[in-house]
Amino acid sequence: MAFPEPKPKKPELPKKLVQTLECKQGAVRAVRFNVDGNYCLTCGSDKSLKLWNPHKGTLLKSYSGHGYEVLDAAGSFDNSQLCSCGADKTVVLWDVASGQVIRKFRGHAGKVNCVQFNEEATVILSGSIDSSVRCWDCRSRRPDPIQILDEAKDGVSSLKVSDYEILSGSVDGRVRRYDLRAGELYSDYVGSPVTSVCFSKDGQCTLAASLDSTLRLLDKDTGELLGEYTGHKNTAYKLDCCLSEKDTHVASCSEDGQVYFWDLVEGSLTLSLPVGRGVVQSLSFHPSEPGLLTATEGRVQFWREETHTAEEQPPAC
């Protein structure tokens, strides 16, 4: 006799504060998990980039080499390199272990808002206020980009890369997806400046946040609007949005000091997480567990599900 399948557990959302990182790098412009979720990067308005273990709350290394505030960063798949970008118009490739700058890429005409590695970490892609996405070869010594995507009519605010696609959001109100295998460009107009874009984990959908305080879930292939999520406040700042590790919930920063979670399918508001008094500028969801990093003012907070038990800390001497 076959036993009935156990009911799947309801997905848990991160709402228990387990660590606070006092970053001491001015305002934290962005916080990003690395590929496996064991470490995170924080980008500071004091021109520094820092690498942390958020599970233990420890600072591992600081990286300095930008001439102005750092706006975004990403780690390579093997954790050996970092890339970062900033208001000094440069994209920087770093060696994680030594903290040294490997290369500086110059060519953008304005501040660089977002940066990503491709899957093999052979190419860095950067999106700038100068309305272009530029692709830089990490392995060659050539100073100019190998490709420039200049279809946007206004600044590029957000960028994501899958194994064969580039997704970009622009202040011109469009989400653009470049299919590199087919050599095609798909563009969806959402009508308000786009501040953040991301792929769903299953690769079927894209999520876009815009300055009309609305998140929109789009079918990646058809551009059909699958869902709208409202209730948060986003009218003035570039704020992050993301999907939870199993695509069950949509999350967004907000200008009222909270992070909002909606049920992906129903569109209903599930949780508003009080993070701080100021604008919550950046967030990053753990790649495989219910863990969330939030950045507000000068600190980063790490949230886990309520049933989570913290790693054993050695007693302080």
Side-chain angles (χ1 to χ4, degrees), residues 5-19 21 30-42 52-57 72-79 114 116-117 119 158-163 165 167 196-209 215-220 226-227 229 232 239-254 258-273 275 280-295 300-311:
E5 288 281 314
K7 261 183 101 166
K9 283 199 312 195
K10 275 190 80 162
E12 290 193 273
L13 289 175
K15 49 183 164 185
K16 179 166 91 171
L17 181 61
V18 292
Q19 288 288 353
L21 312 177
V31 60
R32 303 284 178 249
F33 268 116
N34 75 325
V35 179
D36 51 25
N38 293 335
Y39 306 102
C40 72
L41 294 162
T42 55
W52 306 81
N53 178 332
H55 305 272
K56 296 197 170 104
D72 196 12
S76 63
F77 70 97
D78 60 359
N79 295 323
C114 43
Q116 290 273 290
F117 279 111
E119 234 181 4
S158 182
L159 190 64
K160 290 291 181 294
V161 181
S162 75
D163 49 0
E165 296 166 304
L167 186 68
S196 179
V197 291
C198 61
F199 290 107
S200 59
K201 301 284 185 299
D202 64 9
Q204 304 295 309
C205 308
T206 58
L207 181 68
L215 303 181
R216 292 174 177 84
L217 187 71
L218 306 170
D219 182 291
K220 193 180 80 176
L226 301 175
Y229 310 90
H232 65 302
L239 304 183
D240 289 338
C241 66
C242 67
L243 288 126
S244 62
E245 86 285 9
K246 292 196 174 78
D247 279 346
T248 54
H249 289 80
V250 170
S252 173
C253 296
S254 179
Q258 305 195 71
V259 168
Y260 287 77
F261 285 93
W262 295 266
D263 184 287
L264 177 95
V265 179
E266 294 172 8
S268 52
L269 186 63
T270 315
L271 172 67
S272 54
L273 186 68
V275 173
V280 184
Q281 189 146 30
S282 183
L283 53 75
S284 185
F285 213 96
H286 192 285
S288 55
E289 296 170 6
L292 179 75
L293 293 168
T294 56
V300 164
Q301 288 156 300
F302 185 30
W303 308 81
R304 291 298 305 245
E305 72 279 22
E306 292 200 290
T307 54
H308 173 74
T309 47
E311 291 182 20

Take Leu292 and Leu283, measure what side-chain contact (heavy atoms from CB on, under 4.5 Å) needs, and give me the verdict at the end.
-> CA-CA 7 Å; Leu292 179 75; Leu283 53 75; 4.2 Å; yes

Would you sort out whether Leu167 and Glu165 count as a side-chain contact (heavy atoms from CB on, under 4.5 Å), showing the intermediate values?
-> CA-CA 6 Å; Leu167 186 68; Glu165 296 166 304; over 6 Å; no

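In this structure, the separation between CZ on Phe285 and NZ on Lys201 is 7.5 Å, given to the nearest 0.5 Å. How far OG1 of Thr309 is from CZ of Arg304: 9.0 Å, rounded to the nearest 0.5 Å. Separation of atoms CD (Glu266) and OH (Tyr229) is listed at 10.5 Å; rounding is to 0.5 Å. One finds the CG atom of Leu218 at 8.5 Å from the CZ atom of Arg216 (value rounded to the nearest 0.5 Å). Atom CD of Glu12 sits about 3.5 Å away from atom OG1 of Thr307, to the nearest 0.5 Å. With values rounded to the nearest 0.5 angstrom, Leu293 atom CG is found 7.5 Å from Leu21 atom CG.
Across every non-hydrogen atom of Val275 and Gln301, the tightest pair is CG1-OE1, 3.1 Å. In terms of heavy atoms, Val31 sits closest to Ser284 at O-CB, 3.5 Å. In this structure, Ser196 and Leu239 approach most closely via the heavy-atom pair CB-O, 3.2 Å. The minimum heavy-atom distance linking Ser76 with Val35 is given by the pair O-CG2, 3.5 Å. Pro14 approaches Leu273 most closely through the heavy-atom pair O-CD2, 3.8 Å. Between Leu41 and Ala73, the closest heavy-atom pair is CD1-CB, 4.0 Å.
Screening Ser244, Cys242, Pro290 for a side chain to side chain contact (heavy atoms under 4.5 Å, CB included) with His249, the sole residue that qualifies is Ser244. Remark: of the listed residues Leu217, Thr270, Thr248, Leu217 is the sole one forming a side chain to side chain contact (heavy atoms under 4.5 Å, CB included) with Leu264.
Taking the side chain as every heavy atom from C-beta outward, Gln116 and Lys160 approach each other to under 4.5 Å. Taking 4.5 Å as the limit, every side-chain heavy atom of Gln19 sits out of range of all side-chain heavy atoms of Val300. Within the 4.5 Å cutoff, side-chain heavy atoms of Ser272 are placed close to those of Gln258.
Relative orientation of the His55 and His286 rings is perpendicular, given thresholds of 30° and 60° on the angle between their planes. Under the 30°/60° scheme for interplanar angles, the aromatic rings of Trp262 and His232 are found to stand perpendicular.
More than 12 heavy atoms of other residues, nucleotides or ligands shown are found within 6.0 angstrom of CZ on Phe261.
Using a 4.0 Å cut-off between a side-chain N of Lys or Arg and a carboxylate O of Asp or Glu, Lys220 and Asp202 do not qualify as a salt bridge.
Residues Asp263 and Ser268 bring no donor and acceptor atom of their side chains to less than 3.5 Å of each other.
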